[in-house]
Amino acid sequence: MSDVRVRIAPSPTGDPHVGFAFTALFNFLYARSNGGKLIFRLEDTDRARLRQDSERRLLEGLHWLGIDCDEGPDQGGMHAPYRQSERLPLYRDSIATLLQGRHAYRCFCSAARLEALRATQRQQKQTPRYDRHCRTLSPDAVARQERQGVPSVVRLKMPLAGTTVFHDELRGELSVANSQLDDAVLLKSDGYPVYHLASVVDDQAMQISHVIRAEEWLSSTPKHVVLYEALGFTPPRFLHLPILRNRDHSKISKRKNPVALRLLAQLGILPAALVNYLALIGGSIEHDHEVCDRDTMIKSFAPQRLNLGGPVFDMQKLLWLNQQYIQNMDEDAFVQHLREEVLNDTKLRRIYPLLRTRLENFAQFFAKAAFFFDGVQDYQAQLETLQPRDELPQVLADLCARLENLTVWTQANIKAQLQAVQQENGFKTKELYLPLRVLVTGSKDSPELLPVLELLGRELVTYRLRCFLNR
RNA sequence: GUCCCCAUCGUCUAGCCCGGUCCAGGACACCGCCCUUUCACGGCGGCGACGGGGGUUCAAAUCCCCCUGGGGACGCCA
């Protein structure tokens, strides 16, 4: 039995995407190849950005990928609860300890003041940083403000001099001058902890041995190390994973790639192929065995092999791998997959009302319903015959953004957005609906638009719009 | 702007730690040929990279420094 304990710790703010899958997979492989434990922890300390069914989707995403955790909110464990919103007392205790040990202080600065401060600093080309206005407040002054009910946060009192050194499993010894570090907020005025505090406290409490997370956290690791020490903890080992990129090398985004796991599934990607692909670009498998099953992956897993340059997410190679997997399926698996994932009853029943009046025979089903199944539509020729208005791209970009932010994906809500966009831009109904129909279904001859949009789902609709906008 | 990380074909990478076997190997994509009534699969071949400059050394993709380039962080978001 090993004492390796790693965690997957997403925040429930949206749909699980490939970056999440990449980090999750690496943690999974790390745990399984070392006989360790994998913990799922929900970092739900931001109630403003919290999305209702996000937790469920994250769990579904992991399940789809075949990444099973040993402890988590759905299955429990000896360090329950696994939702940070249910662990508030723990963070308050830590705050009390820090305050008592003078490692932290109360700050009464308003959001407006901080914003103004940052604006000036930016303007003067200085590093935006808290000016430590409240760091030297006298106990009396603090007590007075508290009595008056002025909202406050708790900040970490960073050492002013010296250097913080830590070790990254892939990069070796890293260090940063303490003078570069900010007095970060640890506890928000709503009583919820900020990521830095919550993750440090929980990683300690849950006896996490290795913090494996994306590289965007690398620069805040010194802060965490100071926190660990202020709390009297020994820091875990750190391993920072490169960030996936778009073709232009920017941080991967849904704007430029089909990143949502649900979308990838809709595009017909097998989870095993995705996992294989992520392991491949993550250096997790031996390069001369590109097609690699999970057991081999676990057996030959060698984190040191990981390339530190952020890999470009290459849909073409993913599709090639997917093809390999389909090719290697036996007859039963092939038929079963088609029946359960592609042409399942639920889907057919949803298509039924849209298509039943449009078929002269059942052979036409595949031609007329193809756009429900295929990823990319060949719309070019059809679109040209419509002679769309020049403003169409901007209008559709606007629409796309609106659809993305729609809280609930229903026909009524979609219609409201369509109408708003149409009115604001002075488009006739036909001028908007017809091109939209062609872009989304590949044809003018397709079922009623709103039900189609609803059925296709947000991911696929916005993906197809993006394909047009990025063309 | 400040700090941090990174750097081999268009993309993913092998090689780098322990310098010579590398005029740099594989995969995707692309191009050509073969197979094939077609297309795909498969087979064969082609195109294509050590970012630049200084060192160290008999010898550098490999070690060191500088530059350049790319990325990330700088929120009462994670």
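Naming: A, B, ... by sequence-line order, numbering from 1 per chain.
Side chain to side chain, Asp46(A) and Ser11(A) fail the donor-acceptor criterion of an N or O pair below 3.5 Å. Residues Thr296(A) and Asp293(A) bring a donor and an acceptor atom of their side chains to less than 3.5 Å of each other. Using modelled atom types, one finds a donor on one side chain and an acceptor on the other under 3.5 Å when comparing Thr221(A) with Arg213(A). Under 3.5 Å, the side chains of Ser443(A) and Asp445(A) contain no donor-acceptor pair of N or O atoms.
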Protein heavy-atom contacts under 4.0 Å, written 5' to 3' over nucleotides 6-13 of chain B as B (base), S (sugar-phosphate only) or - (none), form the string S----SSS
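Arg339(A) is linked by a salt bridge (Lys or Arg N to Asp or Glu O under 4.0 Å) to nothing, counting only residues two or more places apart in sequence or in another chain. Among residues two or more places apart in sequence or in another chain, the ring-ring contact (aromatic ring centres under 6.0 Å, His included) test is passed with His196(A) by His224(A). Under the side-chain contact (heavy atoms from CB on, under 4.5 Å) criterion, Arg83(A) pairs with Leu42(A), Asp44(A), Glu55(A), Pro73(A), Ser85(A), Glu86(A), not counting sequence neighbours. Arg255(A) pairs by the salt bridge (Lys or Arg N to Asp or Glu O under 4.0 Å) definition with nothing, not counting sequence neighbours. Residues satisfying the ring-ring contact (aromatic ring centres under 6.0 Å, His included) test with His17(A), not counting sequence neighbours, are none. The side-chain contact (heavy atoms from CB on, under 4.5 Å) test applied to Leu170(A) returns Asp168(A), Leu239(A), Gln304(A), Leu306(A), Leu308(A), not counting sequence neighbours. Residues satisfying the ring-ring contact (aromatic ring centres under 6.0 Å, His included) test with Tyr82(A), not counting sequence neighbours, are none.
Using N1 to N3 plus N6-O4 or O6-N4 for Watson-Crick, or N1-O2 and O6-N3 for G-U wobble, each under 3.5 Å, U56(B) pairs with nothing. When both distances must be under 3.5 Å, the Watson-Crick or G-U wobble mate of C50(B) does not exist. Here C74(B) sits opposite G1(B) as a Watson-Crick or G-U wobble pair (both hydrogen-bonding atom distances under 3.5 Å). The partner of G69(B), taking Watson-Crick or G-U wobble pairs whose two distances both stay under 3.5 Å, is C6(B). A 3.5 Å limit on both hydrogen-bonding distances identifies G32(B) as the Watson-Crick or G-U partner of C44(B).
Between Trp217(A) and Tyr195(A), the gap from one ring centroid to the other is short of 6.0 Å.
Of the listed residues (Arg41(A), Arg5(A), Arg32(A)), just one forms a salt bridge (charged side-chain N to carboxylate O under 4.0 Å, His left out) with Asp70(A), and that residue is Arg32(A).
Distance noted for atom C1' between A61(B) and U13(B): 14 Å (whole Å). Comparing the C1' positions of C67(B) and C6(B) gives an interatomic distance of 16 Å, to the nearest angstrom. The gap from the C1' atom of C28(B) to that of A49(B) amounts to 16 Å, rounded to the nearest Å. Nucleotides C33(B) and A14(B) have their C1' atoms positioned 28 Å apart, rounded to a whole Å. Separating the P atom of G19(B) from that of C66(B) is a span of 22 Å, rounded to the nearest Å. Spacing between C22(B) and C9(B) at atom C1', rounded to whole Å, works out to 15 Å. Straight-line distance between the C1' atoms of A27(B) and G70(B): roughly 24 Å, to the nearest whole Å. The separation of A40(B) from C35(B), taken at their C1' atoms, amounts to 12 Å, rounded to a whole angstrom.
Remark: Phe334(A) CZ is loosely packed, at most 12 non-hydrogen atoms of other residues, nucleotides or ligands lying under 6.0 Å away.
Taken residue by residue, residues 59-71 of chain A places no heavy atom nearer than 4.0 Å to RNA chain B. Residues of residues 197-214 of chain A having a heavy atom closer than 4.0 Å to RNA chain B: none are found.
As a whole-Å value, the separation of Leu244(A) CG from G72(B) P is 12 Å. One atom, CD of Gln180(A), and another, P of G1(B), lie 15 Å apart when rounded to the nearest Å. Following rounding to the nearest Å, Tyr325(A) (OH) and A27(B) (P) show an atom-to-atom distance of 18 Å.
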For nucleotides 42-47 of chain B, which of its nitrogen or oxygen atoms have a protein nitrogen or oxygen under 3.5 Å away, and what is each distance?
none

What nitrogen or oxygen pairs link the protein and nucleotides 73-78 of chain B at under 3.5 Å?
from: A73(B); atom 1: OP1; to: Lys251(A); atom 2: NZ; distance (Å): 3.1
from: A73(B); atom 1: O4'; to: Ser219(A); atom 2: OG; distance (Å): 3.0
from: A73(B); atom 1: O2'; to: Ser219(A); atom 2: OG; distance (Å): 3.0
from: C74(B); atom 1: O2'; to: Pro128(A); atom 2: O; distance (Å): 2.9
from: C76(B); atom 1: O2; to: Ser189(A); atom 2: N; distance (Å): 2.7
from: C76(B); atom 1: O2; to: Ser189(A); atom 2: OG; distance (Å): 2.7
from: C76(B); atom 1: N3; to: Ser189(A); atom 2: OG; distance (Å): 3.1
from: C76(B); atom 1: N4; to: Cys109(A); atom 2: O; distance (Å): 3.2
from: C77(B); atom 1: OP2; to: Lys188(A); atom 2: NZ; distance (Å): 2.8
from: C77(B); atom 1: O2'; to: Asp46(A); atom 2: OD2; distance (Å): 2.8
from: C77(B); atom 1: O2'; to: Arg49(A); atom 2: NE; distance (Å): 3.4
from: C77(B); atom 1: O2'; to: Arg49(A); atom 2: NH2; distance (Å): 3.2
from: C77(B); atom 1: O2; to: Arg49(A); atom 2: NH2; distance (Å): 3.3
from: A78(B); atom 1: OP1; to: Thr45(A); atom 2: OG1; distance (Å): 2.9
from: A78(B); atom 1: OP1; to: Lys188(A); atom 2: NZ; distance (Å): 2.8
from: A78(B); atom 1: OP2; to: Tyr195(A); atom 2: N; distance (Å): 3.1
from: A78(B); atom 1: O3'; to: Glu43(A); atom 2: OE1; distance (Å): 3.4
from: A78(B); atom 1: O2'; to: Ser11(A); atom 2: OG; distance (Å): 3.1

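Under 4.0 Å is where a charged nitrogen must lie from a carboxylate oxygen, and between Asp203(A) and Arg7(A) at least one such pair does.
Note on ring orientation: taking the six-membered ring where Trp is involved, the planes of His240(A) and Phe238(A) are parallel (angle under 30°, cut-offs 30° and 60°). Using bins of under 30°, 30° to 60° and over 60° for the plane-to-plane angle, the ring pair His210(A)/Tyr30(A) lands in the tilted bin.
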